[in-house]
Structure formats: C-alpha cells, structure tokens
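Worksheet: the structure to be examined is printed underneath.
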Amino acid sequence: MIHPSDWIDLTGKVAHVTGAAHGIGEAIATALAAAGAKVVVSDVNGEGAAKVAAAIGGASMVLDVADRDAVDSALEQTATEHGALDILVNNAGVYIGLGGPVRDITDEMWRKLWSINVDGVFYCCRAAARIMIAAGTRGRIINIASTQSVTPGVGVTYDGSKAAVLQITKALALELAPHGINVNALAPGPTWVQGGAPPKVDGRPPSPSGDPLADTVADRIARLPAGHWGDPMEQGKAAVFLASAMSDFVTGAYLPVDGGWLLL
Ligand SMILES: NC(=O)c1ccc[n+]([C@@H]2O[C@H](COP(=O)([O-])OP(=O)(O)OC[C@H]3O[C@@H](n4cnc5c(N)ncnc54)[C@H](O)[C@@H]3O)[C@@H](O)[C@H]2O)c1
C-alpha cells in the first residue's frame, strides 16, 4: 500500500539552510522542520537565526557564506553535532544596494554580490559534497536560483550571479549523480519578504520610467499571471519536494516557483 505522506517525511534527516534568519530561507527551514527534519539555521544575522531555530526546534549558527573557512567549519559542525548532513539549501543571497544599471556598478558592488551569491554557493556545495561523499550519504543540495537565472531584468550583477548558480547546479548534478547526491535549482519568482501585505497585482503596467531594467520588472510584476505576489512558504513547499523521496529521480532540474513569471 502506497502512502504518499511517507514520501515527504524527512524524519531522521539533517538539513542546513543558509541565510535562513528571514524571508525565503526562514520559510524553507520552517517547511523542512515541519516535514520532520532537524534543521540547522545559519545566517550572518545570528540573533535572527537563533529566533527562527527556536521557533522550529532547530539549531542555529552564525555563518557568512562568503567566508570559505567558516563554511567548511559550519558544515562539518552540522554533520558532527547532528550525525549527518543530508540536505543543504543554499539560500543566502543579496541584491539590495548591489544591483542596478551597469554604469552605476562599482568593482566593490560586483565583488561583494558575487562573493555571496556565487562564491558562497560554491563553497557550501564543495564542503557538502566532501562530507556527503565521505559519509556515503545519498544527499540533496538545493540551490536557490531565480527567474533571473534565465531572463535578465534586475541588472548585470544579480542576473549574472543567478545564471552562474544555475550552471553550477547542473555541473554538480552531473558530477555527483554517481554518488547518489541530487543537486537541483529552485527558482523563486516575485516573493514578498518585506512584511505586511504585498502590493496589488492589478494587470496595469506602470508608466515607463525609461530605465529598461526597472521597467521590465515592474511590468512583469503588474502582469504576473498568478495575479498576486508569492508567499515565501511556496518556496518552502517546493524545497520539501526537492529534499524528499518525492524527487528521488530528479537531479539537475530548474524548478521555477514563480506564479507564471517566465510565461511572459
Ligand atoms: N524574494 C524574491 O522575490 C526572490 C526572487 C528570486 C530569488 N530570490 C532569492 O532567494 C534567496 C533569499 O532571498 P529573500 O528574498 O528571502 O531575501 P532576504 O533578504 O529576506 O533574506 C536573505 C537572508 O540572507 C542573509 N544573508 C545575507 N548575506 C549573507 C551572507 N553573506 N551569509 C549568510 N547569510 C546572508 C540575510 O541576513 C537574510 O537573513 C536569495 O538567494 C535571493 O536571491 C528571492
């Protein structure tokens, strides 16, 4: 007798979610814990991470994913303190203050964003692969990409970084499949993480500002087929799918959870 609920049961699994003090990462950590996993919540914001961990019965640690040595220690610590590293969610990522038109991007902005969105993903994937392969863990790595991995819109720093995350995901999926490790990219569309009610999606594009980047995004949000912004828990649900036996034969996939953004 098949019980599909068994397929999403993560009891006994250990997950590490980066950037999980807020927003999509918080929702993913909450969803994985609700499915039964022991979740380690990490973030540069240690206080926020501790609050989320306390709410979901998990553990927390301070981690800057751009710090290679700290990443190696944090994932080792996860595995030694909790017995394994079964699931890694590379969620930490930034945009605000580091994007925009190319003429305004400084070297420092470029390097800062890529150090978190790309170097951070690489460091965490490498550390997790070493731990999972050594332990013989048939693990899961979920990289939080974006709709901007395949369509530009918010600028060269962020769009480029999320395209890199997608190709890193595919390259690792190919390399790690023989070890039984699945690597997939979850691509959120517009997801309201600012608190309070999201702005209405009323189908009427705003008047053009002359900035093609800003206009593309504003226009698409206004015409989003789903008719509303995404709740962070939509990403949490998809992460449970990618972390669980529901997706045993899924690797190297790009899963948009975007309310139809990519249809436009
Ligand atoms: N919200 C959206 O509409 C959307 C859409 C597509 C993709 N994404 C992606 O989803 C992920 C989460 O975004 P969000 O909207 O929840 O953002 P958010 O700002 O609400 O949360 C990001 C978290 O990452 C943490 N963080 C920042 N720098 C860090 C670092 N160096 N090391 C560890 N943690 C760090 C922050 O403290 C914060 O808690 C990001 O990768 C983002 O690019 C978001």
Side-chain angles (χ1 to χ4, degrees), residues 16-31 40-53 60-71 73-75 88-99 109 111-125 127 142-155 157-166 168-169 185-196 198-199 201 217-218 220-221 224 226 228-236 238-239 254-259 261-262:
H16 184 117
V17 186
T18 68
H22 190 259
I24 289 172
E26 177 180 0
I28 289 174
T30 304
V40 176
V41 174
S42 74
D43 203 289
V44 276
N45 172 3
E47 204 179 313
K51 268 194 201 145
V52 172
S60 72
M61 59 175 74
V62 180
L63 176 63
D64 177 352
V65 296
D67 179 340
R68 180 195 53 207
D69 294 340
V71 165
S73 309
L75 293 185
L88 167 68
V89 183
N90 285 314
N91 166 77
V94 288
Y95 168 70
I96 294 166
L98 299 171
M109 290 162 74
R111 292 205 179 94
K112 174 80 180 165
L113 185 139
W114 275 63
S115 75
I116 297 169
N117 291 17
V118 182
D119 295 358
V121 168
F122 167 67
Y123 294 151
C124 290
C125 285
I142 302 167
N143 293 328
I144 304 307
S146 170
T147 46
Q148 264 60 64
S149 299
V150 295
T151 58
V154 299
T157 48
Y158 185 82
D159 296 349
S161 76
K162 290 297 181 177
V165 168
L166 177 52
I168 287 168
T169 302
L186 175 53
T191 303
W192 189 253
V193 295
Q194 289 88 329
V201 172
V217 169
R220 283 192 171 194
I221 288 173
L224 193 66
H228 61 86
W229 281 72
D231 183 274
M233 194 48 82
E234 298 306 334
Q235 310 305 326
Y254 172 71
L255 175 60
V257 178
D258 68 346
W261 169 286
L262 287 177

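All values reported here derive from a predicted model rather than from experimental measurement. Each ligand, and each atom within it, is numbered from 1 in the order the structure gives. Residue indices begin at 1 and follow the sequence shown.
Put simply, the side chain of T151 reaches to within 4.5 Å of the side chain of Q148, judged on heavy atoms.
With hydrogens and angles disregarded, a donor-acceptor distance shorter than 3.5 Å links the side chain of Q235 to the backbone of V257. Formation of a donor-acceptor pair under 3.5 Å by the Y123 side chain with backbone atoms of V118 is not found in this model.
Note that the CG atom of N45 and the NE2 atom of H22 stand 9.5 Å from one another [nearest 0.5 Å]. Note that CD1 of I24 is 10.0 Å distant from CG of D231, once rounded to the nearest 0.5 Å.
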Go through it in stages, so that I can follow the logic: the residues are N143 and T169, the test is side-chain hydrogen bond (donor to acceptor under 3.5 Å, both in side chains), and I'd like the CA-CA distance, side-chain angles, deciding distance and then a yes or no. CA-CA 7 Å; N143 293 328; T169 302; 3.0 Å; yes
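Residues of the protein with a heavy atom under 4.0 Å from ligand 1 are G19, A21, H22, G23, I24, D43, V44, L63, D64, V65, N91, A92, G93, V94, I116, I144, A145, S146, Y158, K162, P188, G189, P190, T191, V193, listed by chain and number.
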